[in-house]
Amino acid sequence: MHGGSDVSLLRDLSVLLGLGLVFVLLFRRVGLGATLGYLVAGAVVGPHVLGLVGDAESKMGFAEFGITLLLFIVGLELNPSRLWRMKQEIFGLGLLQVVLCGVAISAVVWLAGFSPEAALALGLPLALSSTAQVLPMLQSSGRLRTPFGERTFAILLFQDLSIVPLITIIAAMSRNPADAGGPPGWVLALETVGAVVGLVLAGRFLLRPLFRLIGNLGEREMFVFAALFTVIASAAVMELLGLSTALGAFIAGVMLADSPYRHELEADVEPFRSILLGLFFLAIGMLLDLHAIAERPLFVAGMAAALIATKAAVIFGIGLAFRMKWRTALALGLLLSQGGEFGFVLFAQAQASLLVAPEAASLFGAIITLSMATTPFLMSATRRFRQEPIDTAQGERDGPTADGANAIIVGYGRFGQTVGQMLLMQDIPVTLIDNDIEMIDIAGEFGAKVYYGDGTRLDLLRQAGAAEAELILFCIDGDQIDADTLEAVHAAFPRAAIYVRAFDRRALVKLKNSPASYVVREVLESAVKMARLAMEGLGVGQADIDRAEQMYRARDKERLRIQVEAGDLRAARALTAEQYPWGTDPR
């Protein structure tokens with residue numbers, strides 16, 4: 001190690017993470033969300049308050065990778081069919097929201113006394129909302145997969161896509177002579193298209209075979225390694241061409257969104273994304289110039305109020321134009337009324353381009369922070385008069401939308417295939433998970449979409465939509481599920497009823513205290529069916545066959561009750577010997 005510098009880095013990280021943990025827990029406790037907790041923690045440890053941690057700029061360069069990972073996960077949500085289905089919301093609602101809000105807010109900033117160039121450089125970023133704040137709010141309320149959540153997600157997606165054009169606009173207005181040597185706009189456009197096409201081809205012919213090989217090896221650590229390589233390599237290609245690293249990560253996510261590895265990738269990348277995004281907000285908080293803010297508190301408060309009112313009014317009008325009920329349009333406007341994390345990135349770009357002074361960047365960073373703090377209160381204050389009409393007028397329902405899942409089937413072998421196909425015949429949407437690459441390939445040949453992964457992992461189940469699912473069915477071969485796993489699944493997803501395939505009655509006894517709604521012995525029904533066919537072949541009458549089955553099921557149920565209560569197969573030994581003198585029945 002290199003002595004002092006390494007010790008300083010470790011000390012800084014321990015202070016940042018420790019204070020971040022305290023403030024996030026506190027802010028979540030009072031309903032303000034993790035994002036604001038990170039921002040306030042960064043401001044407290046930064047140079048303008050306690051001064052416990054320095055050099056925020058260097059930490060920002062590392063922490064911005066959290067934004068890159070965020071866009072990779074957003075890209076993973078966008079398989080081509082979903083993009084096509086949402087095209088009107090993305091390129092209609094999203095485009096109008098960014099353009100109209102950007103122009104309106106820029107006009108407000110210009111009226112506040114800024115030059116036209118500075119007003120655009122500050123106003124356009126303020127048109128973007130906080131994906132990191134809004135998506136968790138939709139998830140916690142169970143509305144992410146409803147029509148309202150779909151519209152909100154579409155707008156947020158277009159906002160993320162608009163980052164590259166906004167960076168280009170700010171760069172074109174630059175007053176910094178060092179920026180003058182860049183390529184012409186048409187060259188930059190061609191480079192962007194070429195890079196996107198190259199990434200798509202790489203994903204098709206290099207990445208998918210790579211993930212298939214790793215899946216066959218069954219090495220989860222290599223999956224994490226490959227996922228991070230995908231994100232970093234895509235971002236590096238874009239950076240090499242002078243383009244947005246976030247765009248590279250987004251394209252990487254989109255090109256893997258329709259692959260069987262989507263949920264596994266989301267589950268593996270999510271922890272890194274959460275940590276780095278937290279560090280990003282911590283660094284933003286450290287960079288806030290609190291002295292400049294303290295000198296003009298009325299300006300910060302007034303501009304935050306103007307930002308919220310302007311965005312809410314514009315989005316409300318757009319919602320009405322798209323034939324939303326007024327309560328739904330109002331809810332959409334309030335939910336997206338805050339500034340977002342990409343505003344900080346674009347303010348830094350505007351500052352580097354000499355369009356705004358550092359003090360102005362800090363002031364407007366504080367405006368974003370304050371606007372984000374108001375969103376939970378605005379949504380809570382308006383819940384009473386907007387909640388019920390939204391559900392009825394907009395046709396929203398408790399279950400997920402068409403690309404979600406009412407049921408998650410873990411294990412798509414001979415047992416799971418039958419369960420899944422029967423559910424699909426009743427138009428019950430299902431998500432299928434298996435960790436056998438060969439089985440996934442075979443299922444794909446017959447038109448079934450099976451995702452790769454270990455379906456007993458809570459993080460993977462969550463990425464697969466378990467929080468919104470009504471059923472979770474474990475159809476795994478053999479004795480691969482235990483009561484502790486089922487307890488954890490039930491605690492994480494209490495809404496879902498759990499069904500389990502048990503190998504035999506021994507497995508069923510082990511699951512006696514589990515929260516499973518129903519446990520099915522895998523060979524019982526087929527064995528009963530064969531016995532019935534055998535008796536029919538011997539000429540036994542239908543009434544006698546039915547009676548024999550009823551007697552067997554009654555005695556078997558009684559034996560099973562005794563064994564489950566005792567937790568021991570030997571508990572019903574006497575009853576077993578009386579019924580079956582030739583031995584036990586482990587089914």
Side-chain angles (χ1 to χ4, degrees), residues 32-33 35-36 39-40 43 94 96-131 133-134 152 155-156 159 162 166 169-170 173 284 288-290 292-321 326 329-348 350-351 355-382:
L32 293 177
T35 301
L36 287 171
L39 286 168
V40 174
L96 282 176
Q97 186 275 321
V98 171
V99 172
L100 295 183
C101 285
V103 171
I105 298 168
S106 296
V108 173
V109 176
W110 177 67
L111 291 173
F114 289 83
S115 68
E117 294 84 358
L120 279 174
L122 294 169
L124 292 177
L126 290 174
L128 308 182
S129 306
S130 176
T131 302
Q133 184 181 35
V134 173
T152 306
I155 293 174
L156 291 172
Q159 290 180 359
S162 67
L166 292 180
I169 291 171
I170 292 174
M173 297 188 299
I284 288 296
L288 289 176
D289 187 349
L290 299 184
I293 297 167
E295 292 175 358
R296 304 183 66 184
L298 294 179
F299 174 81
V300 173
M303 284 300 297
L307 169 65
I308 294 167
T310 302
K311 289 185 72 173
V314 172
I315 296 172
F316 175 71
I318 295 172
L320 293 180
W326 72 268
L330 178 61
L332 185 65
L334 293 175
L335 185 62
L336 298 176
S337 62
Q338 77 290 125
E341 54 274 1
F342 287 114
F344 297 110
V345 177
L346 293 169
F347 290 162
Q351 184 178 331
L355 294 171
V356 299
E359 294 79 10
S362 288
L363 283 175
F364 278 86
I367 289 166
I368 290 179
T369 304
L370 185 57
S371 70
M372 293 171 70
T374 65
T375 303
F377 296 108
L378 288 173
M379 299 306 293
S380 177
T382 59

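- Two residues are said to be in side-chain contact when any heavy atoms from C-beta on lie closer than 4.5 Å; L363 and V300 meet this criterion.
- Two residues are said to be in side-chain contact when any heavy atoms from C-beta on lie closer than 4.5 Å; I367 and L307 meet this criterion.
- Residues T369 and V40 fail the side-chain proximity criterion, which asks for heavy atoms closer than 4.5 Å.
- Rounded to the nearest 0.5 angstrom, I318 CD1 and I155 CD1 are separated by 7.0 Å.
- Residues I315 and S337 are not in side-chain contact: their nearest non-hydrogen atoms beyond the backbone lie 4.5 Å or more apart.
- Remark: the S129 side chain and the K311 side chain contain an N/O donor-acceptor pair separated by less than 3.5 Å.
- In this structure, F347 and V356 have side chains that are not in contact, with every pair of non-hydrogen atoms separated by 4.5 Å or more.
- A perpendicular orientation is assigned to the rings of F364 and F114, their planes being inclined by more than 60° (bins at 30° and 60°).
- Counting only heavy atoms from C-beta outward, the side chains of V134 and Q338 approach each other to under 4.5 Å.
- The minimum heavy-atom distance between I170 and L346, with the atom names listed, is CD1-O, 3.9 Å.
- Between F342 and I368, every side-chain heavy-atom pair lies at or beyond the 4.5 Å cut-off.
- When all heavy atoms of A127 and Q159 are compared, the closest pair comes out as O-NE2, 3.6 Å.
- The shortest side-chain heavy-atom distance between L126 and V108 does not fall under the 4.5 Å cut-off.
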